[in-house]
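Read through the structure below, which is laid out as structure tokens, and then see the notes.
This one's a predicted model, so the numbers in the text were calculated from it and none came from an experiment. Letters A, B, ... mirror the listed sequences (proteins, then strands); counts begin at 1. Heavy atoms only: backbone and side chains are in, while hydrogens, waters and symmetry mates are out.
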Amino acid sequence: DTLADVKARGELNCGVNTGLVGFAAPDANGNWTGFDVDVCKAVAAAVLGDPAKVKYVPTTGQTRFTALASGEVDVLARNSTWTFSRDTDLKLDFAGVNYYDGQGFMVSKDLGVTSAKELDGATVCIQTGTTTELNLADYFKANNMTYTPVNIDSNAEGEQQYMAGACDAYTTDASGLAATRAAFADPENHIILPEIISKEPLGPAVRHGDSNWGDIVRWTLYALIAAEEYGITSKNIEELAKSSQNPEVQRLLGTTDDLGAMIGLDKEWARRAIAASGNYGEIFAANIGEQTPIGLARGLNAQWTQGGLMYAMPFR
Amino acid sequence: MSEAITRKIDRSQMQVSDEVAISITNMNKWYGTFHVLRDINLTVHQGERIVIAGPSGSGKSTLIRCINRLEEHQAGQIIVDGVELTSDIKNIDKVRSEVGMVFQHFNLFPHLTVLENCTLAPIWVRKVPKKQAEATAMHFLEKVKIPEQANKYPGQLSGGQQQRVAIARSLCMQPRIMLFDEPTSALDPEMIKEVLDTMIELAEEGMTMLCVTHEMGFAQAVANRVIFMDQGQIVEQNNPHDFFNNPKSERTKLFLSQILGH
Amino acid sequence: MSEAITRKIDRSQMQVSDEVAISITNMNKWYGTFHVLRDINLTVHQGERIVIAGPSGSGKSTLIRCINRLEEHQAGQIIVDGVELTSDIKNIDKVRSEVGMVFQHFNLFPHLTVLENCTLAPIWVRKVPKKQAEATAMHFLEKVKIPEQANKYPGQLSGGQQQRVAIARSLCMQPRIMLFDEPTSALDPEMIKEVLDTMIELAEEGMTMLCVTHEMGFAQAVANRVIFMDQGQIVEQNNPHDFFNNPKSERTKLFLSQILGH
Amino acid sequence: MSELHAETVPFVRETMLPPAPPPTQEAGAVRWLRTNLFSGPVNSALTILGLLIVWFLVNHFWNWFAHSVWNAGSLSECRQIIIDRWGEGSTGACWAVVRERWMQFTFGFYPSGLYWRPTMAFGLLFVALAPVLFSESRKIRRIVLLTAAVLTLSAMAVLGAPTHWFIFAAVIFIGATVIAEQNPGRLLIFSLLFPFLGVWWLWGGSLWGPIMALVGPVLGWVAYRLLGRFSPILAGIGMILVPLLWWIFLAGDAARDAENLASLAIPAVASDRFGGFLLSITIGLSGIALSLPLGIVLALARRSDMFLVKTLAVMFIEFIRGVPLIALLFVASLLLNYFMPPGTNFDIILRVIIMVTVFAAAYMAEVIRGGLAALPKGQYEAADALGLDYWKAQRLIILPQALKISIPGIVSTFIGMFKDTTLVTFVGLYDPLKSMSDAVRASTDWKGIYWEPYIFVGLIFFIICFGMSRYSMYLERRLQREHR
Amino acid sequence: MSDTAIPAQTPFRLSMLIYDRRYRSLTFQVIVFILVMAFGWWLISNTIENLRVLGKDFNFGFLFQRAGYDIPQPPIPYTSDDTHLRAAVVGVLNTLIVTVLGCIAATVLGVIVGVARLSNNWLFARLMTIYVEAFRNVPLLLWILVVFSVFREVLPPPNAFRGENATASMIFFDNVALTNRYTAIPTLGMTNDPGSLDLGWRITISWATIAFAVALIGGWLVHRAIANWAQKTQDQTGSRPTTWWMSLAVMTVPSLLLIWYFGLHLIPPEMKGFNFVGGLNISNGLVALWLALTLYTAAFIAEIVRAGILAISKGQSEASFALGISPRRTMSLVVLPQALRVIIPPLISQYLNLMKNSSLAIAVGFMDLKGTLGGTTLNQTGRELESILLMMGIYLILSLIISAGMNYFNSRVKLKER
Ligand SMILES: Nc1ncnc2c1ncn2[C@@H]1O[C@H](COP(=O)(O)OP(=O)(O)OP(=O)(O)O)[C@@H](O)[C@H]1O
Ligand SMILES: Nc1ncnc2c1ncn2[C@@H]1O[C@H](COP(=O)(O)OP(=O)(O)OP(=O)(O)O)[C@@H](O)[C@H]1O
Ligand SMILES: [Mg+2]
Ligand SMILES: [Mg+2]
């Protein structure tokens with residue numbers, strides 16, 4: 001029983017990327033920040049009452065699922081794509097989607113390429129151990145094109161490779177491309193091609209077979225999304241908890257019904273989760289939003305009310 | 001016998017008791033299929049000094065090494081000081097702590113000082129307190145006339161000194177029987193005398209000794225009995241006088257002519 | 001002189017021709033700034049047997065090694081068999097194939113059999129057919145009395161046998177001059193005799209020999225001349241009888257007293 | 001005619017010649033050049049080739065090194081400074097990243113307030129090593145201890161160590177130096193305690209944990225003593241079983257209770273904070289300390305005349321030596337959890353240390369086997385003849401000598417292992433070389449900095465490994481002298 | 001005299017299990033065996049239990065599923081539609097390629113450097129020492145990254161070769177292009193293609209290749225025969241006939257004829273689109289890995305060679321000189337045959353190390369065994385237990401083969417001792 005384990009341990013083990021700016025990266029003092037990290041913090045706040053009680057376990061593309069399966073981490077918040085085989089054969093349960101992504105290509109402007117369809121014969125840099133590798137193979141095959149893959153072990157190495165012109169195109173999730181491009185000395189010389197060749201719903205995953213723990217992570221994520229929908233922010237949350245008349249908000253913040261009891265938590269779990277680093281929108285804006293160096297637009301990740309896909313199931 | 005008395009040791013003074021120290025009966029040993037020792041029968045009494053001679057490869061070393069079970073025999077019986085040597089570890093340990101052995105190449109422990117070499121076995125096998133073991137060791141080092149070397153390492157000593165340390169080391173276990181396997185053959189001529197003197201002194205004190213050696217002078221001086229071996233068998237045994245002056249077997253004669261002529 | 005004739009070799013039988021085998025004039029050698037050989041003058045005639053003695057470090061080995069250019073000299077002249085030793089490689093090769101050398105530590109080739117050791121140089125340097133080289137080798141192995149070891153490896157022989165192989169190996173090149181650098185000093189006493197006997201036999205056949213040795217018995221038995229070196233200089237040279245019985249220089253006297261007293 | 005020459009040649013030198021200086025060609029710089037650089041056509045060609053290589057290297061890298069910047073806050077600032085100083089288009093090294101992040105390269109994510117703790121542990125390590133490695137030469141012992149003391153204490157002062165710990169370290173250093181003057185063997189106690197103390201200083205927490213762990217061997221010894229009266233076999237079993245039982249069932253609780261009674265805790269630091277050279281050295285040292293005993297056991301087993309024991313040892317050693325370390329690291333990170341009882345989950349650093357230990361132990365076993373084989377058979381026989389049993393003979397006679405002979409091999413195994421600790425990057429640990437450099441590059445300030453971190457880390461590795469290899473060569477030479 | 005006396009059996013007592021030497025070792029072995037078995041059983045039962053809890057099974061069926069990923073430059077035909085098994089085989093072949101190339105180059109370089117360190121040229125010996133120490137004391141991973149990065153940063157990208165005013169140009173008469181992705185070299189074309197032999201499993205070998213192999217092997221055999229004849233002549237007459245031109249002829253003439261017959265010609269790589277096409281593009285991952293492994297291992301081999309030569313005492317060459325044997329012959333007849341015996345055992349371990357170190361290919365994206373079976377396959381299928389066990393098994397087998405081969409060689413040249 002993961003919940004009991006986590007509570008007994010007093011610490012949430014959260015699997016994260018070894019270093020992907022904006023999503024999860026340690027700073028010079030080893031403090032982790034990022035979009036995925038904030039999910040960990042929210043879960044820790046909900047379950048343990050303290051967003052700081054997280055042990056971040058850096059995982060590589062190769063070790064992440066095993067770390068989860070073997071119980072080394074309680075939740076894997078590491079930009080992992082939700083796919084059929086992972087959900088079934090790998091015995092994971094995805095708790096939801098915190099970022100809708102898709103694989104794209106970045107090329108240098110002076111290559112004169114405007115569409116991925118023109119990449120026949122190109123050399124493409126990819127990170128090993130990701131779904132990208134499979135998508136890439138499928139895409140070129142489907143379009144009857146050839147390419148030379150350059151398999152790179154880490155993101156940093158891949159960027160270096162691309163910048164030196166050792167590959168014509170760099171492919172990874174569009175969010176990653178944007179982050180990478182943003183960090184270049186000359187972002188204007190690189191373009192991200194319009195084709196998005198795959199669906200990459202990224203979300204936190206838990207071990208298969210512990211539904212209650214899965215529920216906790218899933219609904220913590222929904223709480224963050226719902227909070228944005230209802231305008232609950234980390235600043236106004238205390239006030240709203242007292243004053244809000246919206247029954248959904250009241251239920252969410254534990255002012256009325258005790259939803260927390262149904263998943264083995266206390267009444268105020270969601271309030272703490274949101275307070276940890278804000279609602280989904282705040283987290284997005286703080287880590288990868290347009291104001292950050294990464295500068296991602298909300299796009300698909302906007303609330304459903306704004307034409308996006310972020311849609312929290314009702315708290316009822 | 002009487003003619004030998006004029007030699008260095010007065011043999012009549014030395015007590016050879018009736019008590020049996022080593023008794024070997026019908027002992028046989030093989031290395032693989034090679035029959036090294038054949039039907040050895042030998043009784044050694046307390047206080048006897050026996051010299052074993054014979055051509056190279058005749059099994060002298062093997063015989064000696066069987067007596068403290070550095071080699072295992074496969075048939076027959078070896079009883080040392082009343083204890084039969086079988087594969088029983090307790091018996092082996094008992095025998096080994098009663099029997100001292102001095103090797104051709106000294107085999108001192110180079111990482112220990114002379115004193116530590118001498119006290120090691122008493123401390124760890126006999127469980128003697130360190131102080132006491134050191135006192136004993138100094139006593140025996142004095143006996144072999146190198147007390148001043150006690151704190152040196154073996155590598156710093158000459159061959160003769162090393163061999164004397166080896167003798168002292170064996171004596172520190174206060175064995176009832178001493179075995180010597182060509183103790184002087186790795187030494188330079190000048191040093192041989194030092195070691196032989198030490199051995200003669202030991203002999204004078206009545207130690208039971210079995211000594212493989214080619215020093216025939218030594219044999220004549222101290223041995224009660226000389227045993228001649230060839231091809232794994234005891235060919236002849238006799239008192240030194242008769243052995244040297246009146247060998248009976250042809251082989252012995254041949255051997256003696258080579259050794260003494262050399 | 002006449003007293004020495006009764007020794008093992010009858011010197012009058014041995015022909016020392018007038019032909020000059022080695023002539024060294026005003027030769028000097030330095031190791032770095034260390035002056036090892038100083039103004040060496042030496043003429044050796046065909047058939048002469050010269051023994052070189054002297055304290056350790058006096059330059060005996062260096063002198064011998066200069067003669068077949070294992071060391072380079074820096075001043076003066078060395079003429080071997082009519083060929084002057086310069087840096088000219090052809091001359092060096094010519095000299096080396098005329099001069100045999102036997103080392104203190106034998107320096108046999110351990111990866112080759114005794115026979116191969118002996119045939120290697122004739123085959124590759126003299127271009128002798130293998131069969132013939134082997135026949136010659138067997139002849140010389142017989143001469144040093146170990147033909148039966150021909151197919152063993154050096155590692156399987158005793159020291160004395162190894163040194164005899166080394167001599168045979170040199171002889172197989174049928175050199176006109178043999179150099180020996182302390183050929184017996186690495187051997188056990190029993191084996192020294194074997195090797196000296198071989199050398200005496202060689203001497204009897206009239207081989208020109210230069211031999212660094214401390215075996216004074218050998219010197220007295222075979223040498224025409226004994227050279228005493230000290231501090232890189234030839235201090236005294238004389239026929240063996242006078243050298244041993246009537247040394248002139250103080251140093252020689254001192255040296256002889258040490259050597260012979262030892 | 002035969003006596004002719006002998007008669008004519010008698011010669012006596014009356015005055016000895018003084019040594020003369022060698023001919024001018026044979027001395028001084030000319031000679032040196034002639035013999036060392038231009039002694040023949042081939043040699044001259046080689047010299048020219050060598051000069052070309054040197055010129056090529058200098059020509060290509062000199063500018064870059066010469067244009068070094070040490071003070072800057074980010075890579076772009078660095079580049080700006082270089083352009084300002086040396087003009088448009090010039091390139092240069094930006095060592096500012098090392099200056100700014102070298103603590104991170106050294107300590108990883110260790111809490112900065114506690115940097116003094118690993119520093120102290122590392123400094124005191126030399127005290128622990130003194131009786132093992134530097135025991136022979138008093139001069140070296142003095143130099144090593146005093147240098148370690150001065151460096152450690154000043155580093156601790158700079159890093160803001162609490163006064164009482166500072167005094168503690170100072171006392172140990174002074175005490176050790178004094179004791180080492182008389183009998184370095186006595187420092188062995190500290191060497192034995194050091195693993196426990198070191199673990200405590202690095203990971204923090206309660207001292208009671210290490211203490212209770214230490215109680216295990218003590219209990220084992222007691223059991224051995226008590227049971228030894230009945231039967232040595234029983235004693236042997238007891239000696240192994242009692243500590244095991246203690247560690248598995250009681251030690252944890254005992255430590256907790258003791259901690260509650262009297263707290264001996266210092267702030268705990270979790271494993272995931274380890275990184276950089278701290279991680280490498282921790283893994284390396286634990287690996288060597290653990291692999292040495294394991295290697296000895298394996299070597300003895302491999303030389304045993306018991307068929308089964310020997311076979312098992314051979315299989316184990318050959319298996320480990322036949323597989324890349326990186327595969328074993330993946331076993332540590334991916335498979336070890338499969339092999340443990342369900343629910344156990346232990347620290348990744350610990351798992352990596354286990355695998356590194358096993359890996360090094362196989363190599364160590366071969367090194368020690370060589371040492372054992374080099375011992376003359378007479379040593380075994382002499383020990384037997386004195387009545388020493390197998391274990392006593394091994395402990396008192398054989399191993400001390402064999403290990404001494406093997407020191408060079410052991411050191412080079414250690415160097416190899418230390419270099420291999422960089423491979424932990426592939427299982428998500430922050431090794432100094434790749435992960436740390438990547439982590440530094442992941443920050444927006446230093447994105448795109450490439451060579452400087454690598455050169456810096458490589459240089460540190462070089463200094464440490466080269467130092468160790470020189471030390472082992474020195475030991476080898478000295479041992480050769482001794483064994484003459 | 002009894003020749004085959006059978007030792008008398010003493011009756012068995014229980015205490016003999018402990019105190020009798022014969023039984024004691026038996027007892028001990030049985031205990032060790034039981035403990036090892038128990039430990040093994042414990043591991044296996046834990047694994048089974050863990051697999052059960054996770055709902056996984058232990059099954060190599062995944063090897064026959066579609067791999068779905070691409071491997072650049074597979075040595076045998078491979079596409080993303082092939083199975084994981086085939087991908088693993090590609091990985092093994094890649095490992096072998098880099099190992100074999102690395103061993104050859106490292107040996108050559110190592111021997112040269114080892115000898116150069118002994119040279120009396122002060123400058124050159126020092127340079128070699130610096131090289132050796134630098135490579136021995138810095139982690140291999142760093143060297144791999146450095147070599148890879150040097151290629152990437154220093155060499156021009158392929159598009160620098162494009163267009164009228166290209167900034168980079170090809171070398172060797174426009175046949176080879178060094179780029180920061182790959183080294184483009186020409187392939188061989190035939191005007192008279194004899195077709196190829198199908199070995200099954202979609203592996204084909206051109207008949208031309210086979211013809212050349214036969215020609216070369218045949219040429220080599222004839223060369224051996226010539227050498228034997230020369231040896232025999234030398235044995236008989238003492239002088240060795242000059243045979244190098246005959247050997248050269250039999251080694252080259254058949255091949256030249258075949259080249260003419262098949263109309264063999266070079267097809268130089270050509271810049272087209274993004275990359276060079278037409279030739280063979282050897283990826284920098286492979287080249288960098290190979291070069292780094294070579295440089296690193298050669299540093300160790302140099303030390304081994306140096307030690308081996310130094311181990312042959314000066315007396316050996318002096319004795320040879322004194323016999324009038326020339327320095328060159330001394331080296332080949334006296335010094336090297338002996339040095340070889342000292343050198344070979346540590347050389348074996350260096351070859352093994354090189355093979356194992358090649359698993360660092362992961363750092364440069366070269367798809368060796370670790371990259372395919374232990375990397376992408378493992379990752380895509382989630383079969384870590386099976387993949388890693390299989391991978392370790394393969395590495396183990398390769399190691400055992402290398403060491404068995406070299407041990408055989410070693411035992412043949414061992415010195416005979418007394
Ligand atoms: N471990 C062994 N295995 C096989 N044969 C052995 C072994 N030890 C000795 N032998 C053989 O047993 C025979 C007797 O050896 P032993 O050492 O007892 O002879 P020795 O009389 O002491 O000779 P030496 O005077 O040369 O010491 C010899 O032929 C020897 O080769
Ligand atoms: N290669 C060398 N370099 C420098 N000095 C050397 C060299 N070889 C020998 N020497 C020195 O030259 C001197 C003469 O050496 P040499 O070997 O000729 O003496 P030796 O008379 O043969 O002595 P020994 O009787 O010990 O063999 C010695 O002082 C020696 O130290
Ligand atoms: Mg013997
Ligand atoms: Mg000399």
Among C:R65, C:M173, C:E134, residue most engaged with chain E (heavy-atom pairs, under 4.5 Å):
C:R65
Note: vs chain E, highest number of non-hydrogen pairs under 4.5 angstrom among C:T119, C:L120, C:I89 is C:L120
Using a 6.0 Å distance limit plus a 45 degree cone around the ring axis, check whether C:R169 lies over the aromatic ring of C:F109.
yes
Of the listed residues (C:L108, C:V95, C:V99, C:V102), which shares the most heavy-atom pairs with chain E below a 4.5 Å separation?
C:L108
E:R306/E:E303 ion pair, N-O < 4.0 Å
yes
Taking every heavy-atom pair that is under 4.5 Å apart, which of C:N68, C:V125, C:L179 has the most such pairs with chain E?
C:V125
Do NZ/NE/NH1/NH2 and the carboxylate oxygens of C:E116 and C:K130 come within less than 4.0 Å?
no
Using non-hydrogen atoms only, which part of E:S320 is less than 4.5 Å away from chain C: side chain, backbone, both, or neither?
both
Do the non-hydrogen side-chain atoms of E:F321 and E:T330 ever get within less than 4.5 Å of each other?
yes
Against chain E, label C:L70 side chain, backbone, both or neither, depending on which of its atoms sit under 4.5 Å from a heavy atom there.
side chain
Inspect the contact between C:E72 and C:K29 and indicate whether a charged nitrogen and a carboxylate oxygen are less than 4.0 angstrom apart.
no
